[in-house]
Amino acid sequence: MHPTAPSRAPLPCALPDSPLANAAAGLDACVHCGFCLPACPTYVTLHDENDSPRGRLLLMRRLLDGEIAPDDPDVGTHLDRCLGCRGCETACPSGVPYGALLEATRATLRTHRPTPFIARLVLAVFARSWLLTPALLAARIVRGSGIARWLARTLPARVAFPFAMLASTAPVRVASGSASARLRRATQPAPTATMLTGCVMQGLFAHVNDATATALRGTGHTLVSASGQGCCGALHAHAGDLDTARALAKRNIVAFERVPQALIAVNSAGCGAMLKEYGHLLHDEPAWAERAAAVSTRVRDISELLAGRLEAEAPAASASSTSSTAPEARASSASSTTAHAARPLRVAYDAPCHLLHAQRISREPLAVLQALPGVELVPLEDSELCCGSAGIYNLVEPDTSDAVLAPKLQHMLNARADVITTGNPGCLMQLGAALLLAESDTPAVHPVVLVAEAFERQPRG
């Protein structure tokens, strides 16, 4: 309890045996200090205490105490507006498990208020591979035909944004094959690894999965496959659909148990955070708790596996080893760039929330980029703040998402980078769409693509 808060007898729980009631112990850690406020994108954007972590925690407490009804529309509004970025967890000195509390609250409210149609539709598709596979195939066809880019350029901004997101998933080659600096291939043995191929990653970012395999092999890892895996369940957990999230988690646990000796490499920050929390998700199911925890301990973000195993044979800022991306090349889905030997490739890194705040990984992605030959890492202001993507948030809360994205876009333009990098598919699509609609020639790419291209330039034999 906050030192200045008046003492009172605890009220009986108004939502007994609910997910929120079962997670309520986490509420007691909040001392209402306010350190979370400047770390919260919705509070910074909307300037409403109810749209801050501290305010939402108070709403959760009042729900449990029965002071607010679970079908109160204002409660739903403020909780729906939360991005779930978990930046407040990094800022919190008391260790409040805000992410778990948010998911538990949303799961509790699902029985009292309807889920928006677009959210129900997306979650239903992602839970069923027989729907998701053809949907992603259709998306690739629209992307490959150029229709997505054309619609992004011609439709009104709000309608154009989803097409700009799709267009931004096309593979773009950003490094020059003429660079003389080389990335040294690792000779020391590395652990055996398998990959989470994912749903969106395999469906729209297959080139990133291919780059991940190239980077792992280049750094000495032995790759094995884990059949039977699918969607990680992150979208469902964040939306409060914990039952579906658990079902999807169990399928992946079975898949990864087939390769018990392998670390699990993940190139999607949101998926990695979810897999690392499987132990928590299934902690109260005796038949699964231990198995889930065992799988979680093997999960590694791709940057964790690559950091420390990359070494350039020439200084990273060597003038003869650099390139920049030609504007006309960036507009092509599989184009090569024009070399500019006078300067390095300027790369700005935007930290995915679920890598920085949920997984607490900050150093490794920067170390990977700094090890690449011909790359100059340039600063990006407020790179630790959310971009507004947050899974399907930009579809169900577009106004707030746009407001959160606006300063991020301006910072990207101010950085004057040749490439923006980030390690999460939703962030790649959000940032890529913003740059495309701003008529910028700067692409958004996954850092592992740069690593793979550096390895592909190595001499054979």
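Remember, it's a predicted structure, so these values are computed and weren't measured experimentally.
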Within the structure provided, determine whether [X] and [Y] are in side-chain contact (heavy-atom separation under 4.5 Å).
| X | Y | answer |
| --- | --- | --- |
| Val375 | Pro344 | no |
| Tyr349 | Val378 | no |
| Leu123 | Leu121 | no |
| Leu281 | Met274 | yes |
| Ser296 | Glu277 | no |
| Thr42 | Ser52 | no |
| Leu435 | Leu413 | yes |
| Arg291 | Val254 | yes |

Distance-minimising heavy-atom pair for [X] and [Y]:
| X | Y | result |
| --- | --- | --- |
| Leu409 | Ala434 | CD1-O, 3.8 Å |
| Leu136 | Cys199 | CD1-O, 3.4 Å |
| Val449 | Ala211 | CA-CB, 4.0 Å |
| Leu428 | Ser168 | O-OG, 3.9 Å |
| Gly26 | Leu101 | C-CD1, 3.9 Å |
| Cys231 | Asn252 | O-ND2, 3.1 Å |

For [X] and [Y], indicate whether the former's side chain and the latter's backbone hold a donor-acceptor pair under 3.5 Å.
| X | Y | value |
| --- | --- | --- |
| Arg153 | Leu437 | no |
| Tyr278 | Cys232 | yes |
| Ser440 | Leu436 | no |
| Gln359 | Ala269 | yes |
| His221 | Leu223 | no |
| Thr422 | Asp350 | yes |
| Thr442 | Val419 | no |
| Arg143 | Leu204 | yes |
| Ser383 | Pro379 | no |

Checking [X] now: which residues fulfil side-chain contact (heavy atoms from CB on, under 4.5 Å) with it, not counting sequence neighbours?
| X | answer |
| --- | --- |
| Thr244 | Ala127, His236, Asp241, Leu248 |
| Lys250 | Leu282, Glu285, Trp288 |
| Pro134 | none |

Under the side-chain hydrogen bond (donor to acceptor under 3.5 Å, both in side chains) rule, collect the residues that match up with [X], sequence neighbours excluded.
| X | value |
| --- | --- |
| Arg246 | Asp243 |
| Asp382 | His411 |
| Asp284 | none |
| Asn209 | Gln202, Asn267 |

Just verifying a value: how many Å separate [X] [atom1] and [Y] [atom2], rounded to the nearest 0.5 Å?
| X | Y | atom1 | atom2 | answer |
| --- | --- | --- | --- | --- |
| Leu356 | Asn424 | CG | CG | 12.5 Å |
| Leu450 | Leu345 | CG | CG | 6.5 Å |
| Ile420 | Leu380 | CD1 | CG | 5.5 Å |
| Arg56 | Leu79 | CZ | CG | 7.0 Å |
| Asp418 | Glu376 | CG | CD | 9.0 Å |
| Leu166 | Thr169 | CG | OG1 | 5.0 Å |

Could you name each residue pair satisfying side chain to side chain donor-acceptor pair (under 3.5 Å) that touches residues 123-140, not counting sequence neighbours? none
Scan the side chains in residues 89-96 for donor-acceptor partners under 3.5 Å anywhere in the protein, sequence neighbours excluded, and list what turns up.
| residue | atom | partner | partner atom | Å |
| --- | --- | --- | --- | --- |
| Glu89 | OE1 | Arg86 | NE | 3.4 |
| Glu89 | OE1 | Arg86 | NH2 | 3.3 |
| Glu89 | OE2 | Arg86 | NE | 3.1 |
| Glu89 | OE2 | Tyr98 | N | 3.4 |
| Glu89 | OE2 | Gly99 | N | 2.7 |
| Thr90 | OG1 | His357 | ND1 | 2.7 |

Got a list of side-chain donor-acceptor pairs under 3.5 Å for residues 384-397, not counting sequence neighbours?
| residue | atom | partner | partner atom | Å |
| --- | --- | --- | --- | --- |
| Ser389 | OG | Gly426 | O | 3.1 |
| Tyr393 | OH | Arg81 | O | 2.5 |
| Asn394 | ND2 | Gln430 | OE1 | 2.9 |

Using ring-ring contact (aromatic ring centres under 6.0 Å, His included) as the criterion, list what pairs up with His238, not counting sequence neighbours.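 His354.
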Decide if atom CD of Glu290 counts as having more than 12 heavy atoms of other residues, nucleotides or ligands within a radius under 6.0 Å. no
More than 12 foreign heavy atoms under 6.0 Å from CZ of Phe163: is that the case here?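 No.
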Salt bridge (charged side-chain N to carboxylate O under 4.0 Å, His left out): which pairs involve residues 292-302, sequence neighbours left out?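 Listed once each, the pairs would be none.
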Show your reasoning for whether salt bridge (Lys or Arg N to Asp or Glu O under 4.0 Å) applies to Lys276 and Glu304. CA-CA 13 Å; Lys276 288 183 178 181; Glu304 293 181 277; 3.0 Å; yes
